[in-house]
Each structure stands twice: as C-alpha cells, then as structure tokens.
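Some notes on the structure that comes next.
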Amino acid sequence: MAASASRSAVVLKTVKKIVVQFCPFESNVRSTREFLVMVGSEKARSTNMNCEVITTVKHDQSEPQVDITFADGEMLVMKGANLTSKEMLTYLQSRCVAKDLQAKAAAKK
C-alpha cells in the first residue's frame, strides 16, 4: 500500500507547514507514519524548501493527527486513525492543486 501511494508525486508548493503528531505505541498510527515518510522525503521537500515538516511524538495515547497550514493561512486537519496514507496524500494533493490554480488565476488578474 505504501509503495503505491509513494509513487504519487508529492508537491508541497502551496504548503507552509505540516505538523504530524502521533503516539508510536498505539495500533492506529501506521498510516500517519507512512504519510510522514512521504511528505518528509527529500523529493517531496525539494518541491518547497520553505515548508516546515514537524514531527511531534507523544506518549499520551492520543489519536494520530496531521495539521497542514497552507501559504494562504488556511488549515487542514486530518485524523489519521481512520484514514489510509493514500487517502491523506490524495486529499493533500487535491487541495494543493486547487490552491495552485487559485494562485495562478489571481496572478493573471
């Protein structure tokens, strides 16, 4: 599953910050950790060198969560317990593409 999701190109051009929080001792963190590997890869990071990828490892039995802040200030919060890494990555990419199109449209005006 992670192999098929990692083939998708991760473009962080419109992302300002990604905060990934999880408790490694919980059973529902696999997808969140896989997502972290994908967005933290050198290839993904090279699409926006100014994008911060922050990992917060907790030991409080909290649910895994990904907080994404876009360059325009909008925030996206994904609860990783019930999502696959591919679902998280697909949604992030769809938001990034939409924001990129909005930015290009605004630049033309």
State, with a plain yes or no, whether a side-chain heavy atom of [X] is found less than 4.5 Å away from one of [Y].
X: F22; Y: Q65; result: no
X: V11; Y: C96; result: no
X: S31; Y: M88; result: yes
X: I18; Y: V66; result: yes
X: V29; Y: P24; result: no
X: V20; Y: I54; result: no

(request) Just do the side-chain contact (heavy atoms from CB on, under 4.5 Å) check on V10 and K43 with the steps written out, would you? (result) CA-CA 8 Å; V10 182; K43 187 175 180 180; over 6 Å; no
Kindly say whether [Y] contributes a backbone atom to a donor-acceptor pair with the side chain of [X] at under 3.5 angstrom?
X: N28; Y: A81; answer: no
X: S94; Y: Y91; answer: yes
X: E87; Y: T84; answer: yes
X: S85; Y: E34; answer: no

So which atom in [X] and which in [Y] form the shortest heavy-atom distance, rounded to 0.1 Å?
X: D60; Y: S62; value: OD1-OG, 2.7 Å
X: F35; Y: L92; value: CZ-CD2, 3.8 Å
X: D67; Y: M75; value: CB-CE, 4.4 Å

(request) Give the intermediate values and the outcome of side-chain contact (heavy atoms from CB on, under 4.5 Å) for residues F70 and R95. (result) CA-CA 9 Å; F70 292 96; R95 295 298 309 141; 3.7 Å; yes
Calculate, to the nearest 0.5 Å, the distance between atoms [atom1] and [atom2] belonging to [X] and [Y] respectively.
X: C23; Y: K58; atom1: SG; atom2: NZ; answer: 10.0 Å
X: R33; Y: L36; atom1: CZ; atom2: CG; answer: 8.5 Å
X: I68; Y: L76; atom1: CD1; atom2: CG; answer: 4.5 Å
X: K13; Y: N48; atom1: NZ; atom2: CG; answer: 9.5 Å

(request) Show your reasoning for whether side-chain contact (heavy atoms from CB on, under 4.5 Å) applies to K16 and E52. (result) CA-CA 6 Å; K16 182 177 179 182; E52 294 180 80; 5.7 Å; no
(message) Under 4.0 Å between a side-chain nitrogen and a carboxylate oxygen: does that hold for E74 and K99?
(response) yes
(request) Using distance alone, with no hydrogens and no angle criterion, decide if Q21 and T56 have a side-chain donor and acceptor under 3.5 Å apart. (result) no
(message) When you compare the side chains of D100 and Q102, does any donor N or O come within less than 3.5 Å of an acceptor on the partner?
(response)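 Absent: no donor and acceptor within the cut-off.
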(request) Count the heavy atoms of every other residue, nucleotide or ligand shown that sit under 6.0 Å from CZ of R45, and state whether that count exceeds 12. (result) yes
(message) If hydrophobic clusters are built by linking Ile, Leu, Val, Met, Phe, Trp and Tyr wherever their side-chain heavy atoms come under 4.5 Å apart, do M38 and V97 end up in the same one?
(response)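 Different clusters.
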